[in-house]
Student: 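I'd like to ask you about the structure that follows.
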Amino acid sequence: MMALPTCFIALLFALALFCSEVKALSSDYYDQTCPNAESTITKVVKNAMLNDKTVPAALLRMHFHDCFVRGCDASVLLNSTRNNKAEKDGPPNISLHAFYVIDVVKKQIEDLCPGVVSCADIVALAARDAVTLSGGPSWEVPKGRKDGRISKAIETRQLPSPTFNFSQLQQNFGQRGLSLDDLVALSGGHTLGFSHCSSFQNRIHNFDKRHNVDPTLQSSFAASLQNVCPAHNKVRNAGATMDSTTTLFDNAYYKLLMNGKSLFTSDESLLTNSRTKRLVSKYANSQDEFFKAFANSMIKMSSINGNGQEVRLDCRFVR
């Protein structure tokens with residue numbers, strides 16, 4: 001019998017690991033062990049939204065930033081220690097907030113079902129609820145993630161930057177098993193929230209040798225951004241909303257993008273590739289198509305293997 005090459009055996013092993021991870025996640029994971037977990041999360045998220053309209057954008061961004069570093073393992077929730085600077089203190093994550101929402105959920109769920117529901121699953125479910133309660137789609141979140149024990153601020157360099165061009169975005173998403181279709185759909189998450197000037201300053205001041213302002217920006221929109229973000233901005237929290245309906249999950253982001261009114265270089269770069277440009281146009285014209293694609297891509301992104309090993313009792317600390 002012919003011996004299998006070592007590289008082929010390694011490939012089979014990797015596929016087996018991948019398949020076991022996919023099988024480990026299921027929509028009914030807590031049906032027997034913690035049947036009220038999802039309703040508890042929804043209730044807490046809903047209450048938090050009533051008190052703070054920025055909560056949905058914060059929870060959605062938290063989930064993205066968790067999954068794009070070490071997979072979806074709640075490593076973004078861990079606090080820094082004397083010997084380790086954690087992800088939440090890395091430069092791209094300094095503006096992450098609403099961690100208290102996860103803390104409240106975890107406490108209530110621990111009272112119901114001690115040591116059963118992972119922080120990683122709570123983040124994924126809270127992000128889904130944030131979208132749905134803001135008028136967006138709903139979807140069945142696959143569950144069964146475990147919480148990771150490693151969190152390093154330096155690894156936040158792996159997050160996609162708002163200044164990325166198309167090829168950088170394609171590579172960044174591709175490394176996580178996400179397609180160009182996923183890239184365009186997930187970028188629609190920019191329909192919620194607010195951005196500080198630093199994330200789009202490159203487009204409105206000293207853009208390049210020939211232009212002070214990015215010529216793809218609509219001129220009056222660019223002028224309004226320059227007004228709130230002057231070249232030597234001293235206002236710490238200055239910035240702009242991500243789209244015109246900042247607390248509503250809709251397809252306004254794509255409509256604005258088609259009209260030269262996007263904030264980030266990474267947003268504008270979606271129009272530099274024929275496939276992604278077609279998808280931007282499709283979602284600008286059909287909110288239903290966007291919602292369907294967003295839900296599918298969120299399921300895919302939230303299933304990125306995080307190699308977690310435990311269920312934390314407090315989401316800020318390993319056991």
Student: As an exercise, state the distance from CG of Leu125 to NE2 of His63, rounded to the nearest 0.5 Å.
Tutor: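 Atom-to-atom, Leu125:CG and His63:NE2 are 8.5 Å apart.
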
Student: For Asp121, run the salt bridge (charged side-chain N to carboxylate O under 4.0 Å, His left out) check against Arg128, Arg145, Lys146, Arg312 and tell me which one passes.
Tutor: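 Only one of Arg128, Arg145, Lys146, Arg312 forms a salt bridge (charged side-chain N to carboxylate O under 4.0 Å, His left out) with Asp121, namely Arg145.
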
Student: Before you tell me yes or no, could you show the steps for Arg176 and Asn172 under side chain to side chain contact (heavy atoms under 4.5 Å, CB included), namely the whole-Å CA-CA distance, both residues' side-chain angles and the distance that decides it to 0.1 Å?
Tutor: CA-CA 7 Å; Arg176 289 154 181 82; Asn172 190 279; 3.5 Å; yes

Student: What I'd like to find out is whether the side chain of Pro56 reaches to under 4.5 Å of the side chain of Leu133, using heavy atoms alone.
Tutor: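 Not touching, per the 4.5 Å side-chain cut-off.
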
Student: Roughly how far apart are Asn79 CG and Asp314 CG, rounded to 0.5 Å?
Tutor: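 It comes to 8.0 Å.
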
Student: Report yes if the side chains of Pro35 and Tyr30 come closer than 4.5 Å at any heavy-atom pair, otherwise no.
Tutor: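 They are not in contact (no side-chain heavy atoms under 4.5 Å apart), so the answer is no.
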
Student: Just how far is it from atom CD of Gln287 to atom CZ of Phe249, taken to the nearest 0.5 Å?
Tutor: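 If we round to the nearest 0.5 Å, Gln287:CD and Phe249:CZ are 9.0 Å apart.
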
Student: Between Asn251 and Ala284, is there a donor-acceptor pair closer than 3.5 Å when you use the side chain of the first and the backbone of the second?
Tutor: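 Here the side-chain-to-backbone pair exists.
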
Student: Considering non-hydrogen atoms only, spot the tightest contact between Leu59 and Ala127 and give its length.
Tutor: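 Looking at all heavy atoms of both residues, the closest pair is O-CB, 3.9 Å.
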
Student: Before giving the answer on salt bridge (charged side-chain N to carboxylate O under 4.0 Å, His left out), spell out for Glu155 and Arg70 the whole-Å C-alpha distance, their side-chain angles and the decisive distance to 0.1 Å.
Tutor: CA-CA 8 Å; Glu155 293 182 353; Arg70 292 189 168 270; 2.7 Å; yes

Student: Check each of Thr191, Asp243, Asp267 against Tyr253 using the side-chain hydrogen bond (donor to acceptor under 3.5 Å, both in side chains) test, and report the only one that passes.
Tutor: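 Only one option passes, and that is Asp267.
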
Student: Checking salt bridge (charged side-chain N to carboxylate O under 4.0 Å, His left out) between Asp181 and each of Arg275, Lys292, Arg278, which is the one that passes?
Tutor: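 When Arg275, Lys292, Arg278 are each tested with Asp181, the salt bridge (charged side-chain N to carboxylate O under 4.0 Å, His left out) holds only for Arg275.
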
Student: Evaluate ring pair (Phe, Tyr, Trp, His ring centres under 6.0 Å) for Phe291 paired with Tyr283, printing each intermediate quantity in order.
Tutor: CA-CA 9 Å; Phe291 280 10; Tyr283 301 151; over 10 Å; no

Student: In Å and rounded to the nearest 0.5 Å, what is the CG to CD distance from Leu225 to Gln201?
Tutor: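 Nearest 0.5 Å value for the CG-CD distance: 10.0 Å.
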
Student: Applying the 4.5 Å side-chain criterion to the ILVMFWY set and letting contacts propagate, would Val116 and Leu313 be lumped into a single cluster?
Tutor: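 Each belongs to a different hydrophobic cluster.
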
Student: Would you indicate whether the side-chain heavy atoms of Arg316 and Leu78 approach each other to under 4.5 Å?
Tutor: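 They are not in contact (no side-chain heavy atoms under 4.5 Å apart), so the answer is no.
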
Student: At their closest point, which heavy atom of Ala48 faces which heavy atom of Tyr100, and how far apart are they?
Tutor: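 Minimum heavy-atom contact is CB-OH, 4.3 Å.
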
Student: Evaluate salt bridge (charged side-chain N to carboxylate O under 4.0 Å, His left out) for Arg203 paired with Glu268, printing each intermediate quantity in order.
Tutor: CA-CA 10 Å; Arg203 300 187 74 197; Glu268 183 62 32; 3.7 Å; yes

Student: Applying side chain to side chain contact (heavy atoms under 4.5 Å, CB included) between Leu271 and each of Thr276, Thr216, Leu257, report the one that passes.
Tutor: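 Answer to the side chain to side chain contact (heavy atoms under 4.5 Å, CB included) test with Leu271 among Thr276, Thr216, Leu257: Leu257.
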
Student: Measuring from Asn307:CG to Ile150:CD1, what's the distance to the nearest 0.5 Å?
Tutor: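 Answer for the CG-CD1 pair, Asn307 versus Ile150, is 9.5 Å.
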
Student: Hey, are the side chains of Ser134 and Met49 touching, using non-hydrogen atoms and a 4.5 Å cut-off?
Tutor: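 Side chain of Ser134 against side chain of Met49, heavy atoms only: contact under 4.5 Å found.
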
Student: Once you round to the nearest 0.5 Å, how far does NZ of Lys143 lie from CD1 of Ile122?
Tutor: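 The distance works out to 12.5 Å.
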
Student: Decide side-chain hydrogen bond (donor to acceptor under 3.5 Å, both in side chains) for Ser95 and His196; before the verdict, give the C-alpha distance in whole Å, the side-chain angles of both, and the deciding distance to 0.1 Å.
Tutor: CA-CA 9 Å; Ser95 58; His196 291 99; 4.8 Å; no

Student: For Cys229, is there any backbone N or O sitting under 3.5 Å from a side-chain donor or acceptor partner on His205?
Tutor: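 Yes, because the side chain of His205 sits within donor-acceptor range (under 3.5 Å) of the backbone of Cys229.
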
Student: For the pair Asn206 (side chain) and Asn202 (backbone), establish whether a donor and an acceptor sit closer than 3.5 Å, ignoring hydrogens and angles.
Tutor: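 No.
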
Student: Asp66 side chain to Ser75 main-chain N or O, any donor-acceptor pair under 3.5 Å?
Tutor: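 Judged by distance alone, yes, a pair lies under 3.5 Å.
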
Student: Say whether Val123 and Ile41 are linked into one hydrophobic cluster, either directly or through other cluster members, by side-chain heavy-atom distances under 4.5 angstrom.
Tutor: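 Yes, one cluster joins them.
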
Student: Could you please spell out the steps behind the side-chain hydrogen bond (donor to acceptor under 3.5 Å, both in side chains) verdict for Asp129 and Thr42?
Tutor: CA-CA 6 Å; Asp129 289 343; Thr42 304; 2.9 Å; yes

Student: Do side-chain atoms of Asn165 reach the backbone of Gln168 as a donor and acceptor pair under 3.5 angstrom?
Tutor: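 Yes: the side chain of Asn165 pairs with the backbone of Gln168.
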
Student: Among Ser302, Ser303, Cys72, which one satisfies side chain to side chain contact (heavy atoms under 4.5 Å, CB included) with Leu25?
Tutor: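 Exactly one pass, corresponding to Ser303.
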
Student: Could you give me the CA-CA distance, side-chain angles and deciding distance for Val105 and Val44, then say whether side chain to side chain contact (heavy atoms under 4.5 Å, CB included) is met?
Tutor: CA-CA 6 Å; Val105 168; Val44 172; 3.5 Å; yes

Student: Less than 4.0 Å between a side-chain N and a carboxylate O, is that true for Glu310 and Arg149?
Tutor: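 Salt bridge: yes.
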
Student: Yes or no on side chain to side chain contact (heavy atoms under 4.5 Å, CB included) for Lys300 and Leu178, after CA distance, side-chain angles and deciding distance?
Tutor: CA-CA 8 Å; Lys300 192 171 170 183; Leu178 299 172; 4.0 Å; yes

Student: Between the main-chain N or O of Ile94 and the side-chain N or O of Asp89, is there a donor-acceptor pair closer than 3.5 Å?
Tutor: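 Answer holds: no.
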
Student: Please check if the side chain of Asn259 supplies one atom and the backbone of Lys255 the other of a donor-acceptor pair under 3.5 Å.
Tutor: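 At least one qualifying donor-acceptor pair exists.
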
Student: Go through the steps to decide whether Thr81 and Asn83 satisfy the test side-chain hydrogen bond (donor to acceptor under 3.5 Å, both in side chains), and finish with yes or no.
Tutor: CA-CA 5 Å; Thr81 64; Asn83 301 317; 5.4 Å; no

Student: Do Ser220 and Gln218 pass the side-chain hydrogen bond (donor to acceptor under 3.5 Å, both in side chains) test, and can you show the C-alpha distance, the side-chain angles, and the key distance before you say yes or no?
Tutor: CA-CA 6 Å; Ser220 61; Gln218 201 259 357; 2.7 Å; yes

Student: Angle class for the Phe294/Trp139 ring planes (parallel below 30°, perpendicular above 60°, tilted otherwise)?
Tutor: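 Perpendicular: the ring planes of Phe294 and Trp139 meet at over 60°.
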
Student: So for atom CD, which belongs to Gln32, do other residues, nucleotides or ligands contribute more than 12 heavy atoms lying within a distance under 6.0 Å?
Tutor: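 No, CD of Gln32 has 12 or fewer neighbouring heavy atoms, counting only those of other groups under 6.0 Å.
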
Student: Under the 3.5 angstrom rule, does the side chain of Tyr254 hit a backbone N or O of Val184 as a donor-acceptor pair?
Tutor: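 Yes: the side chain of Tyr254 pairs with the backbone of Val184.
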
Student: Can any side-chain N or O of Glu87 pair as donor or acceptor with the backbone N or O of Thr156 at less than 3.5 Å?
Tutor: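 Side chain of Glu87 to backbone of Thr156, a donor-acceptor pair under 3.5 Å: no, none is there.
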
Student: Check the pair Met301 / Asp182 against side chain to side chain contact (heavy atoms under 4.5 Å, CB included), numbers first and verdict last.
Tutor: CA-CA 8 Å; Met301 185 201 75; Asp182 297 318; over 6 Å; no

Student: For Thr241, is there any backbone N or O sitting under 3.5 Å from a side-chain donor or acceptor partner on Thr246?
Tutor: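 Between the backbone of Thr241 and the side chain of Thr246 there is no qualifying donor-acceptor contact (under 3.5 Å).
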
Student: Quick one: do Val228 and Phe194 end up in the same hydrophobic cluster if we chain Ile, Leu, Val, Met, Phe, Trp and Tyr together by side-chain heavy atoms under 4.5 Å apart?
Tutor: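 Hydrophobic grouping puts Val228 apart from Phe194.
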
Student: May I ask you to check if Lys88 and Phe99 form a cation-pi contact, with NZ or CZ under 6.0 angstrom from the six-membered ring centre and within 45° of the axis?
Tutor: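 Yes, a cation-pi geometry holds between Lys88 and Phe99.
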
